[in-house]
Amino acid sequence: MRLSRFFLPILRDNPKEAEIVSHRLMLRAGMIRQESAGIYAWLPMGLRVLDKINRIIREEQNRSGAVELLMPTIQSADLWRESGRYDAYGKEMLRIADRHEREMLFGPTNEEMITEIFRASVKSYKDLPLNLYHIQWKFRDEVRPRFGVMRGREFLMKDAYSFDLDQAGARHAYNRMFVAYLRTFNRLGLTAIPMRADTGPIGGDLSHEFIILADTGESEVFADRQVLDQPIPAVDTDFENVAELDAIVKAWTTPYAATSEMHDAALYETIPNERRVSARGIEVGHIFYFGTKYSEPMKATVTGPDGRETPVHMGSYGIGSSRLVAALIEAFHDENGIVWPQSVAPFDVSLLNLKIGDAGTDETCATLYKALTARGLDVLYDDRDERPGAKFATADLIGSPWQVMVGPKSLAEGKVELKRRKTGERQLLSVEDAVLALTA
RNA sequence: CGGGGCUUAGCGCAGUCUGGUAGCGCAUCUGCUUUGGGAGCAGAGGGUCGCAAGUUCAAAUCUUGCAGCCCCGACCA
């Protein structure tokens, strides 16, 4: 992509409303634009990151056996009356009347709808287990949206719903998602800690929040450092293997880890001092098992092997993709801007032509651009007629993992300069070696 | 939902107290010079001063009402 042809409205100054670093940087790097309180337009740079995150989420959901579909954002109030949540949900639900005065709503979550879809088609235990997910915009009319897309009213969420014949099956479904989440966050470059979460009236121990540590996080968290040493489940993990998954989940949930709501100070005190971690965190995922809470009132039943109709056991599993964009920036930035992990970077390489109009730099950049894109890299070529300083500042701000700087100075020696955004480390290389270094 | 604050050009702000017809920096456009960490000079364009009503010869400025937005707290992917 040529920067001169891209849409990248960069702000030089910090907008005054942005208090936390991810919000400031997202606005400054031209990733989002606020349209209303808690409602944002995703500009090209932001959308690229969102798409990369979603791609990883999809791959891991699919790997774990979940199946993607897409449900609408607008739902009928009648569906929510069946579960009893239409009145219970309160003002956080955005309620809409259509032209026929039918009561509609902008979905804050999809348990009711997925249960309706399930019960319409699935009648036998033989079709279980089933896990359906989608990545769709949600709307929750928060009292106080804040921190940009970290707590927006409209947000993009991956939500999966599992259906099983019994509680044992549901636990395995839960474990599959648990493992998929560990892999997903790891691939995003994040260290996410699963923490015991409140299960509400259902009870039991089957609810975990996945929290990444960050000073600006909204939750206060306590953990045993040992949880950080757990290995991430491998790519060839067998999601059908009940015992294997159970062992992984057990290993991850044995060391102490809890948010302030679930914190057990006495238990925490028994951890050796040097292993205690007390920090702030951002919730990026939440999974829970809720049994027959929806399947019973909504009559989502299957016929079991014994010939009896029984309500299915369900769980739901959410990842806030739009929030993750902000969470990633909170985790990866420095004083000059964003420092994207390779896996979600909007562009792999920023190519800077330090002197547009110079035959040598123009030609070398054209060669590099062609070679790198041909090898599958996303390259943002800064071909604007700007001074070098402005290009350096832009490249640092938008945070591509690599920068290739082509100027008359290094070109006189037949070299270009390769800079690693994360460390600032630079090396002078020939064009060929630079291509090799970037595609190795 | 309680408390506080803000709204003037794309962004950041001054002007409001004390009414007289809108200004600064950055950004944008043109020209020349410049070119390895956000250049210099010269010129130019861009504003229903959040909206509405009122007071007045005259309102960004005073009065009233409304709206939007932000921050702090209680609640949430």
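Note on naming: letters A, B, ... go to the chains in the order of the sequence lines (proteins, then strands), and numbering restarts at 1 for each one. These values consider heavy atoms only, across backbone and side chains, with no hydrogens, waters or symmetry-generated copies.
- Cation-pi geometry between R387(A) and F392(A) is not satisfied (NZ or CZ under 6.0 Å from the ring centre, within 45° of the ring normal).
- Using a 4.0 Å heavy-atom distance criterion, G318(A) is classed as making no nucleic acid contact.
- Backbone-only engagement by E19(A) is indicated by non-hydrogen atom pairs under 4.0 Å involving sugar-phosphate atoms exclusively.
- A donor and an acceptor atom sit less than 3.5 Å apart, one in the side chain of R426(A) and one in the base of G37(B).
- Few gaps surround CZ on R81(A); more than 12 heavy atoms of other groups in view lie less than 6.0 Å from it.
- Comparing U61(B) with C49(B), their P atoms sit 9 Å apart, to the nearest whole Å.
- Rounded to an integer number of Å, the gap from R387(A) CZ to U33(B) P is 14 Å.
- Counting distance only, with no hydrogens placed and no angle test, the side-chain atoms of K409(A) and the base atoms of G37(B) include no donor-acceptor pair under 3.5 Å.
- Nucleic acid contact class of E92(A) (heavy atoms, under 4.0 Å, all strands): none.
- Both S322(A) and L428(A) lie close to RNA chain B; mapped to their nearest nucleotides by heavy-atom distance, the more 5′-ward contact belongs to L428(A).
- Candidate nucleotides G12(B), A77(B), C75(B) were compared by shortest atom distance to the side chain of K16(A), and G12(B) ranks first.
- In this structure, H23(A) has its ring center no closer than 6.0 Å to that of F147(A).
- OP1 or OP2 of A74(B) has not a single side-chain nitrogen or oxygen of R144(A) nearer than 4.0 Å.
- Using a 4.0 Å heavy-atom criterion, one finds that E142(A) contacts the bases of the nucleic acid, with or without backbone contacts as well.
- In this entry C13(B) has G23(B) as its Watson-Crick or G-U wobble partner, both defining distances falling under 3.5 Å.
- Rounded to whole angstrom, the span from the CZ atom of F147(A) across to the P atom of A77(B) amounts to 16 Å.
- Separating the P atom of G10(B) from that of C51(B) is a span of 13 Å, rounded to the nearest Å.
- Relative to the ring axis of F347(A), R48(A) places its NZ or CZ within 45° and under 6.0 Å from the centre.
- Closest approach to the L354(A) side chain among A74(B), A77(B), G36(B) is made by G36(B) (side chain taken as heavy atoms from C-beta onward).
- One atom, CG of L27(A), and another, C1' of C70(B), lie 13 Å apart when rounded to the nearest Å.
- Atom CD1 of I135(A) is separated from atom C1' of A77(B) by 14 Å (rounded to the nearest Å).
- Within the nucleic acid shown, R33(A) has no heavy atom closer than 4.0 Å to any nucleic acid atom.
- Interface remark: the S36(A) side chain does not form any donor-acceptor pair with the G68(B) base, using a distance-only criterion of under 3.5 Å.
- At least one cation-pi condition fails for R171(A) and Y289(A): the charged atom is not both under 6.0 angstrom from the six-membered ring centre and inside a 45 degree cone around its axis.
- Residue side chain D396(A) reaches the base of G37(B) through a donor-acceptor N/O pair under 3.5 Å, judged by distance alone.
- Between the CE atom of M93(A) and the C1' atom of C75(B) there is a distance of 16 Å, given to the nearest Å.
- Comparing U34(B), A74(B), G12(B) by their nearest atom to the side chain of D13(A) picks out G12(B).
- Taking the six-membered ring for Trp and the full ring otherwise, the centers of F210(A) and F178(A) sit less than 6.0 Å from each other.
- Each of L11(A) and T394(A) has a nearest nucleotide on RNA chain B; the 5'-most of these lies closest to L11(A).
- Rounded to an integer number of Å, the gap from K138(A) NZ to A77(B) P is 13 Å.
- G36(B) has no base stacking with the ring of F392(A) when judged by centroids under 5.5 angstrom apart and an interplanar angle below 30°.
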